[in-house]
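For the numbers below, each heavy atom of this structure counts, side chains included, while hydrogens, waters and symmetry mates do not. Read the numbers this way: they start at 1 and go in the same order the structure lists the ligands and their atoms.
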Amino acid sequence: MNDASLIEAAKKYRESAYAPYSNFKVGAAVLTKSGKVFGGCNVENASYPVGCCAERTAICKAVSEGERDLEAIAIVADTEGPCAPCGMCRQFIAEFGIPRILMANMKGVVKVVTPDELLPFSFSGKDL
Ligand code: THU
């Protein structure tokens with residue numbers, strides 16, 4: 001699957017966003033090395049910190065289906081520039097070493113970065 005198709009998948013999952021509190025919809029799509037796609041959206045909660053970001057929803061879906069070898073993740077929101085993952089999601093992405101992170105917006109702006117660019121000097125299992 002190419003980058004444009006993965007971003008399109010993230011846009012489709014964004015439509016499922018449950019964001020009644022922020023009204024900020026985010027979609028994400030993870031591509032596995034085996035070629036499968038798992039999507040996710042943000043899922044908010046009346047107790048605000050309990051909500052889950054789109055990226056973590058998508059990664060949890062892949063991992064819970066037995067897919068840990070992840071090739072890329074696309075993130076899309078209606079932002080001015082490319083949608084950047086939050087700090088917690090950066091740590092989550094680093095855990096699985098997803099080599100390509102496609103940050104996009106609804107206007108077609110895309111920026112591709114590595115986990116180390118997103119979260120330099122990250123804490124990992126090697127530190128334990
Ligand atoms: N959000 C994501 O889903 N991913 C991010 O990387 C940034 C923030 C969600 C969380 C919350 O539901 C809404 O966007 C506003 O912060």
Side-chain angles (χ1 to χ4, degrees):
M1 165 169 289
N2 64 23
D3 289 357
S5 306
L6 193 63
I7 291 165
E8 276 312 305
K11 276 188 186 167
K12 180 178 147 282
Y13 280 95
R14 179 176 174 271
E15 290 169 16
S16 303
Y18 176 69
Y21 305 106
S22 71
N23 286 314
F24 184 75
K25 296 181 172 195
V26 187
V30 169
L31 176 65
T32 69
K33 289 199 175 138
S34 60
K36 292 184 197 149
V37 174
F38 294 88
C41 60
N42 52 334
V43 183
E44 296 186 346
N45 191 280
S47 176
Y48 298 168
V50 175
C52 190
C53 292
E55 299 91 315
R56 282 176 289 127
T57 305
I59 294 169
C60 284
K61 282 176 67 181
V63 173
S64 60
E65 294 298 327
E67 299 279 349
R68 294 180 190 169
D69 291 332
L70 309 178
E71 179 80 38
I73 182 168
I75 305 137
V76 182
D78 191 13
T79 39
E80 189 58 36
C83 183
C86 77
M88 192 183 281
C89 289
R90 290 175 195 218
Q91 180 70 26
F92 219 83
I93 289 166
E95 180 72 22
F96 296 98
I98 305 178
R100 302 181 73 241
I101 299 113
L102 319 175
M103 307 188 299
N105 69 9
M106 299 302 285
K107 293 180 269 187
V109 177
V110 181
K111 186 173 170 63
V112 184
V113 293
T114 65
D116 202 50
E117 284 171 321
L118 263 190
L119 190 65
F121 308 108
S122 65
F123 181 79
S124 79
K126 293 190 207 107
D127 297 308
L128 294 172

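In this structure, the side chains of Val76 and Met103 stay at 4.5 Å or more apart for every pair of heavy atoms. Considering only heavy atoms from C-beta on, Leu102 comes within 4.5 Å of Arg100 through its side chain. A heavy-atom distance below 4.5 Å is found between the side chains of Ile59 and Ile98. Counting heavy atoms from C-beta on, the side chains of Ile101 and Val112 never come closer than 4.5 Å.
In this structure, atom 12 (O) of ligand 1 has protein heavy atoms in its sub-4.0 angstrom surroundings.
For ligand 1 and Glu44, the ligand atoms under 4.0 Å from any heavy atom of the residue are 11 (C), 12 (O), 13 (C). Each of the atoms 6 (O) of ligand 1 lies under 4.0 Å from some heavy atom of Ala84. Proximity to Pro85 (heavy-atom distance under 4.0 Å) selects the following atoms of ligand 1: 6 (O).
Of all protein heavy atoms, the one lying nearest to atom 16 (O) of ligand 1 is Phe24 CD2, 4.7 Å. The closest protein non-hydrogen atom to atom 3 (O) of ligand 1 is Ala54 N, 2.9 Å. When hydrogens are left out, the protein atom nearest atom 9 (C) of ligand 1 is Asn42 ND2, 3.6 Å; that is the closest non-hydrogen contact.
Every N/O-N/O distance between Ser22 and ligand 1 stays at or above 3.5 Å. Residue Cys86 has at least one N or O atom closer than 3.5 Å to an N or O atom of ligand 1.
Below 30°, between 30° and 60°, or above 60°: for Tyr18 and Tyr21 the angle between ring planes is above 60°, a perpendicular geometry.
Residues Glu95 and Ser124 bring no donor and acceptor atom of their side chains to less than 3.5 Å of each other. A donor-acceptor contact closer than 3.5 angstrom links the side chains of Glu67 and Ser34.
Ion pair Asp78/Lys107 not flagged as a salt bridge, since none of the NZ, NE, NH1 or NH2 atoms sits closer than 4.0 Å to an Asp/Glu carboxylate oxygen.
Using a 4.0 Å cut-off between heavy atoms, Ala28 makes no contact with ligand 1 at all.
The heavy atom nearest to atom 4 (N) of ligand 1, out of those in Met103, Met88, Arg56, Glu55, is found in Glu55. Across the listed options Cys53, Cys41, Ala58, Cys53 owns the non-hydrogen atom lying nearest to atom 2 (C) of ligand 1.
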